[in-house]
Structure formats: C-alpha cells, structure tokens
There are 2 protein chains.
Amino acid sequence: MAGRTNTPGQTVSRRLLAVLDTFDVAHPALTLTEVATRSGLPVSTARRLINELRAWGGLERLDDGRYHIGMRLWTIGALAPQQRGLRAAALPYMHDLFQATQENIQLTVLEGTQALCIEKISSTKAVPTLTHIGGRLPLHATGVGKAILAFSGEELFSSVTEAGLARMTPHTITQPGRLAAALAEVRASRVAYAYEEMTLGAVSVAAPVLGLDGRVLAALGIVAHSRAALDRLAPAVRTAALGIARWAN
Amino acid sequence: MAGRTNTPGQTVSRRLLAVLDTFDVAHPALTLTEVATRSGLPVSTARRLINELRAWGGLERLDDGRYHIGMRLWTIGALAPQQRGLRAAALPYMHDLFQATQENIQLTVLEGTQALCIEKISSTKAVPTLTHIGGRLPLHATGVGKAILAFSGEELFSSVTEAGLARMTPHTITQPGRLAAALAEVRASRVAYAYEEMTLGAVSVAAPVLGLDGRVLAALGIVAHSRAALDRLAPAVRTAALGIARWAN
DNA sequence: TCCGCATTACCACTGGGTGGGAGAACCAAT
DNA sequence: ATTGGTTCTCCCACCCAGTGGTAATGCGGA
C-alpha cells in the first residue's frame, strides 16, 4: 500500500484476505492480537482491516472482545456453485441413504490435493468421524478421496504421491504403486473402499459423481462400523451417485 | 485510495467487498463488466480487485469468462458460529421431523430485519417453497419470522413495521396492530403460525429456539400443504426447538 | 471484411494506507 | 493500593500502492 510499509509488495487486498485466513476450524474466534500475530500484520493495521470487515458484516465481535466470521461471509460463501448445485442435487439422495442405513453420509469435492467435505449427515448412533462440513480429508486414505483420485487424471495422482502418502493408521496405503493398483480397481468397479485406512474402527464405501464430460464433480461416501456391511451398501451408494449426477449436470 | 479516485472517501477494502456484494442468489455468476456496473467501480479497478480475489481463491473463473464465488469463501463462511453451532445442534432434530412428516423443514436466524434461512430439508414430494439456503424471508409473513419477531423486543418490531409490512398475498398481515396481537399470541403459545401469508397454498408452524438468556437464537419451522396438518405438527416442532436449544446453549 | 462490445494492458498521478508510538483500559499478582 | 504486564485504542507524518483514463487486443455477429 502506501505509507511506511514494512513489507512492500503486499497489496491491501492481500492483507485484508490474510486477516480472514487467520480464522479456521481450530480457531473460529480470535482476539485482535491473535489475528495480528497469525496474519503477520502490525496490530494497528490488523485492527483497521478488522473494523473494515466488521462494518461490512464479514466479521462480528463477541462480548469478550474476540472476533469471529459473520453471517455476511456465510451468505456469500453459500453462493459457491460447487456446493450450491451439488448440494441441492445430492441432499434428497443423501437423506434416502441416511434413512436406509443410519450411517454417516458425506459429500466431498476436490480442493487442491485434498477432499473438501461440503455436506454431511450423521446421527448420534453412527460411527463418530473426525470430518465436519468445511473440513478436509486426504485423497489416498479415504473412500471419497480415492473415488475422486481415480477419475482425476495422472497429474493429480503425481502431485498427491509427490506430496507424500501420509500414514494415518497401520492400514493406510503409503506406496504409490499399491495406490495406483487400488485406483485401477476403483475405475473398473466405480466404487472405492477404505478399510480403516484413515481411522481405526471405521470403514467406508464411496462412489464418484461424474459430469457429462467424464470429470469428477464430487464423491459420495458412507462411513460405517463393520466391513461386512459395506458390500451391502456399495450398490446403494453407486446408485445414489448416479442419481446425483443426473441432476447435477 | 490513492490515485485519480472518482469517489474519494472509499477505502480499498470497501471496494473489494463491494465486488463480493455484486454476487447474490439471482446473480451467482457475472462477467467483468457486470461486476463493474453493479459495484459502481471502473472496469480497470474491478478487474484488479477480481484478480486479487481470484489469486486468493475467493473467486473463480468459468470457461465463458464469467466469475463466481469460490470454495475458499465458502470454507471461511462455514466458520460463522451462528450457523456452525446451530446447524450441528439442529440437524438431528430436523432429520427426525423430516422423517416423520416428509414436509419442508427450515431453520432460520435473524439478520437485520429479515429471517435468513441457514438450513433446509425438503423432498420432491413436499410443498415447493421459494426459500433456499442463504435466502431471506420477511419477518411478518412467515412462521419462522413471527417466531423470531415475537421474542426479539420492541426495537426490532418498530423497525420492521416502519419499513412497511409488504403484502405478499391477500392473507398477509399488513397492519402493525394486528401483527402485534398475533405476536402476543405467539409469546403465549410459543408457537407461530402462518396461513398462506407468504405463498398461496402453503401454511407453516414454527417455534423459537431460545438461548439461556431468553434471546432468540433461531427459529425452526415446517411448511405444509394443509391447515389441518398444522395442529398435529405444532407440538412436534415445539419439542424439537426445545431440544435444539438444549444443545445450542 | 467491418463494426461493436468486452477484455486486457499500460502508466502518470496522488490520496488512502501504513505502523510506530503514546496513552487508556484491563487483569493478576504482590 | 501499587506494580507490572498485556491488550486495546487512537493519532498522524510519511509515501507507495491504488487509481482509472486511454489505448490495444480479442471475439462474435452482420
């Protein structure tokens, strides 16, 4: 910007967005100094930007002085088409699946080299999963992840393997070769499994939601307790994914 | 900002946010010139700001050159606590209600002088409603709106009536006096009805979700076809709202 | 090919942005 | 009550990032 900048080359906008970036799932509410520290901005600057956002409705202030994301941002975020169109198309199918199984149902899309959960239906009875709406999952260790990865081309596969296949449990696939083999199977069957590769005690089936051009729009998955249940659920998930694809295109 | 500003007094941040504001439910995707026109900014300026947002991930570009809200904004918006906490608390109850009734279930919060829909469950069988997630509803002509209004104090009531009670159908309450009487009844029964006041052919029951301090956190409502069904549904809605309040506090 | 509109690129000019620092406010410990 | 530390709020001299007119380029349709 202008003035006595410490770090020239930074635009105002970038700073403003950096303020927003300080908030995440682990830090939904922050004080002024926390925002300043996490964003690397001087306190004065952070304060001015926060107030600007506050006047607009993007940030709100709690009684204890901490700030948190406001409804204005939520409203605008809800316009993101990946989630808008897909969600509308997927929800009825997800409810059907949920009614039939009472297990966790999740809908994810690709974001970078991770799977982003855009919708989730769960009950208190289902397996507790770490995932929340807006949360991210690794592509190599989850059913939904593999369903996306299998239909996303060589390029993504490379960047994922190069980034390293992090081991989450003893069952996680950490060798690129074994992952490639698993993905080939997914392509053939159009269904992806994950057996306690992400969390011990949780298994999952997932199916890709494919666009007319063959690209993956999303992946629909169920997380359940027992391995046995999966074979019974797989056809249901595949059918639901096909149904969603029909509406989403 | 700096430079040959046409409208001094405008901050960069305000312009950046004005760009975001050009997107809404009716205009989820816009071209550069549309953004410039709707925001009142020169094309050059709009372009620079758009690119700044794009680099960050807040906007994305379609093949046809149009821009739309990106997943980055959605992810951050998902952190808004009003929707995060409430949604998590409400979803199980909403599913229960949906399973039992197969009608539209909606969860709304107060935003300004309107009700903002933060979650909705519907099926193809249910009454088609205009509402979508992220959409706004008038406070005086809907069940959820009245449930919120009834427990929100005199101040809000004044601003709503002063803004004018817009007539949506012949059944809409447009006289402040009659509205006040209706709200008193809501306060007594803790349940709000709306009989074709918003849309002909659609009736609704709603109940407020009250915080420990007595303030309304949200309103839970069902939209159905027939007036007869409402009396049957009212206790269920009230119970569910109480259940949600227990978790949300 | 020509015309009209949307998008991209450039750049001289300047006012909005910057951040250090001073003071207020708050809290906990002494 | 006093001290010391931390966080928040406010101010303002300095100046560089932001601005937007203009021109070039791209893209269809007539």
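All chains are named by letter (A, B, ...) in the order of the sequence lines, taking the proteins before the strands, and each is independently numbered beginning at 1.
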Checklist entry - Contacts to DNA chain C from residues 51-59 of chain B, heavy-atom cutoff under 4.0 Å, which residues? => result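 Contacting residues: none.
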
Length of the [atom1]-[atom2] vector between [X] and [N], whole Å:
X       : N      : atom1 : atom2 : result
A:Leu16 : C:dT18 : CG    : C1'   : 15 Å
A:Gln10 : D:dA17 : CD    : P     : 10 Å
A:Arg14 : C:dT18 : CZ    : P     : 14 Å

Sequence neighbours excluded, which residues qualify as side chain to side chain contact (heavy atoms under 4.5 Å, CB included) partners of [X]?
X        : value
B:Ala218 : B:Leu86, B:Leu107, B:Val109, B:Val209
B:Arg215 : B:Asp213
B:Thr169 : B:His171, B:Thr172, B:Leu200

Checklist outcome for this item: Residue pairs passing the salt bridge (charged side-chain N to carboxylate O under 4.0 Å, His left out) test with at least one member in residues 36-49 of chain A, sequence neighbours excluded, are A:Asp24-A:Arg38

Report yes if at least one side-chain N or O of [X] is closer than 4.0 Å to OP1 or OP2 of [N]; otherwise report no.
X       : N      : answer
B:Thr45 : D:dG20 : yes
B:Arg15 : D:dG20 : yes
B:Arg48 : D:dT19 : yes

Checklist entry - For B:Glu111, which residues count as a salt bridge (charged side-chain N to carboxylate O under 4.0 Å, His left out) partner, sequence neighbours excluded? => result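 Applying salt bridge (charged side-chain N to carboxylate O under 4.0 Å, His left out) to B:Glu111 gives B:Arg136.
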
Checklist entry - How would you list, by chain and number, every residue that makes a salt bridge (charged side-chain N to carboxylate O under 4.0 Å, His left out) with B:Arg66, sequence neighbours excluded? => result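 With sequence neighbours excluded, B:Arg66 shows a salt bridge (charged side-chain N to carboxylate O under 4.0 Å, His left out) to B:Asp64, given in chain and number order.
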
Does the [X] side chain pair with the main chain of [Y], one donor and one acceptor, at a distance under 3.5 Å?
X        : Y        : value
A:Arg187 : A:Ala150 : yes
A:His68  : A:Leu62  : no
A:Glu34  : A:Thr31  : yes

Next on the checklist: Just to verify, what does A:Asn51 make a side chain to side chain donor-acceptor pair (under 3.5 Å) with, not counting sequence neighbours?
Outcome noted: none

Next on the checklist: Test of understanding: with side chain to side chain donor-acceptor pair (under 3.5 Å), list the residues that count as partners of A:Asn6, not counting sequence neighbours.
Outcome noted: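 For A:Asn6 there are no side chain to side chain donor-acceptor pair (under 3.5 Å) partners, ignoring immediate neighbours.
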
Next on the checklist: Checking A:Thr11 against B:Glu52: is there a side-chain donor and acceptor pair closer than 3.5 Å?
Outcome noted: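 Result is yes, a qualifying pair exists.
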
Checklist entry - How far apart are the closest heavy atoms of A:Met71 and B:Ala80, and which atoms are they? => result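 Taking A:Met71 first and B:Ala80 second, the nearest heavy atoms are SD-CB, 4.0 Å.
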
Item to check | Where protein sits on nucleotides 25-30 of chain D, one letter per nucleotide: B base, S sugar-phosphate only, - none, heavy atoms under 4.0 Å | outcome: ------

Would you tabulate the pairs of protein nitrogen or oxygen atoms and nucleotide nitrogen or oxygen atoms of nucleotides 23-25 of chain C closer than 3.5 angstrom?
none

List every contact pair, protein side and nucleotides 6-9 of chain C side both N or O, where the distance is under 3.5 Å.
from: C:dT7; atom 1: OP1; to: B:Leu32; atom 2: N; distance (Å): 3.4
from: C:dT7; atom 1: OP2; to: B:Thr33; atom 2: N; distance (Å): 3.0
from: C:dT7; atom 1: OP2; to: B:Thr33; atom 2: OG1; distance (Å): 2.6
from: C:dT8; atom 1: OP1; to: B:Arg61; atom 2: NH1; distance (Å): 2.9
from: C:dT8; atom 1: OP1; to: B:Arg61; atom 2: NH2; distance (Å): 3.2
from: C:dT8; atom 1: OP2; to: B:Arg47; atom 2: NH1; distance (Å): 3.0
from: C:dT8; atom 1: O5'; to: B:Arg47; atom 2: NH1; distance (Å): 3.1
from: C:dA9; atom 1: OP2; to: B:Arg47; atom 2: NH2; distance (Å): 3.1

